[in-house]
Amino acid sequence: MKVDITTLSDLSKEQIDILFANALEGKKKQKQGILEPKLQGRTVGLVFDKPSTRTRVSFEAAMIQLGGVPMYINTKDTQLIRKEPIEDTARVLSRYLDALVVRTYSQELLNDLARESSIPIVNALTDIYHPCQILSDLLTVIEVKGGYEGVKVAWVGDGNNVAHSWINAASVLGFDLVLACPKEHQPLGWIVEKAQREVKGSIRVISDPKKAVEGADVIYTDVWASMGQESESRVRRTAFQGYTVDQTLVDLAAKDVMVMHCLPAHRGEEISEDVLEGPNSVVWDQAENKMHMHKAILDALIRLWK
Ligand code: CP
Ligand code: NVA
């Protein structure tokens with residue numbers, strides 16, 4: 001049966017551990033100049049209706065390095081814009097392609113696409129989740145810390161799509177996660193409650209960033225206004241005062257704390273320039289690892305788990 005990644009919770013701990021192992025192996029080989037054309041003759045469609053730099057380009061590069069072909073499909077250029085039913089689109093694209101990577105607004109639309117397609121569907125970000133981001137971020141945690149077990153992750157900022165996928169990850173993999181968010185911008189209650197029922201580690205939502213980062217191994221932040229929330233930017237800048245990841249906050253965490261950001265970053269808002277460019281920041285390695293993880297994901301979904 002095909003495997004979709006509509007949320008990180010679609011995967012078991014065992015499957016995620018396989019992705020980590022394969023991504024690390026692929027990265028090692030690539031650094032030695034070895035590229036294996038495991039997906040020769042295969043095609044992945046990248047259906048995007050939000051902007052993207054990293055996710056789009058790293059999925060395209062991943063597919064090319066695997067010997068396959070990525071096909072970028074701007075939703076505006078398809079009949080979806082003229083209301084062709086998602087079911088019809090899913091059935092037709094399933095006849096041409098080996099997998100679809102989709103970035104869109106509605107998680108429901110993505111779920112419908114997964115249900116109606118006979119090929120794997122990968123969530124490349126919706127308003128609710130960003131699962132591939134956290135899979136590649138955890139790859140960076142594994143490289144730096146040697147594993148994710150026993151790691152304490154502190155999220156500082158908006159309880160958004162990226163935060164939701166961290167919650168799913170903590171629940172499936174069992175590490176400790178604490179999220180510091182302003183009261184009116186906390187993660188969705190049902191996502192937190194479901195994860196807390198299933199979690200092997202611990203998941204807490206608080207509002208004090210200083211408390212959250214105490215003893216943290218990872219501090220993670222993201223923009224205060226996500227794609228689609230641009231009109232709220234000014235109001236949000238006020239709501240998030242005190243939530244900037246700056247050096248004062250970083251000094252409260254473990255000395256070797258990893259500072260992470262999925263990017264794009266707004267220097268001086270959710271993160272200060274000196275912290276983003278400072279010795280604890282791993283953001284550029286983190287961005288690189290998206291490509292290595294995406295190679296592992298495409299290979300698993302198109303070839304290994306079919
Ligand atoms: N981190 C991330 O998803 O970046 P893009 O929006 O550039 O793809
Ligand atoms: N939360 C951000 C993540 C960007 C990668 C957004 O949805 O815009």
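One-based numbering along the sequence shown. Remember, it's 1-based here, ligands and their atoms both numbered in the order they're listed.
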Within-cut-off N or O pair, Arg103 and ligand 2, under 3.5 Å: no
Asp127/Lys50 ion pair, N-O < 4.0 Å: yes
Check: Pro264 N/O within less than 3.5 Å of ligand 1 N/O: no
Per-atom contacts, ligand 1 versus Leu263 - under 4.0 Å to a heavy atom: 1 (N), 2 (C), 4 (O)
Heteroatom distance test (Met227, ligand 1): nitrogen or oxygen, under 3.5 angstrom: no
Sub-4.0 Å atoms of ligand 1 with respect to non-hydrogen atoms of Lys290: 1 (N), 2 (C), 3 (O)
Parallel, tilted or perpendicular: ring planes of Trp166 versus Tyr220, cut at 30 and 60 degrees: perpendicular
Atoms in ligand 2 flagged as close to Leu263, the criterion being non-hydrogen separation under 4.0 Å: 5 (C)
Distance-only polar pair, side chains of Thr55 and Lys290, donor-acceptor under 3.5 Å: yes
Ligand-residue contact atoms, ligand 1 with His130, heavy atoms, under 4.0 Å: 2 (C), 3 (O)
Contact atoms of ligand 1, heavy-atom distance to Thr53 under 4.0 Å: 5 (P), 7 (O), 8 (O)
Contact atoms of ligand 1, heavy-atom distance to Gln133 under 4.0 Å: 1 (N), 2 (C), 3 (O)
Close-contact set for ligand 1 against Arg103 heavy atoms, below 4.0 Å: 3 (O), 5 (P), 6 (O), 8 (O)
Closest to atom 4 (C) of ligand 2 among Thr53, Val223, Leu125 (heavy-atom distance): Leu125
Note: Glu269-Arg237 ion pair, threshold 4.0 Å (strictly below): yes
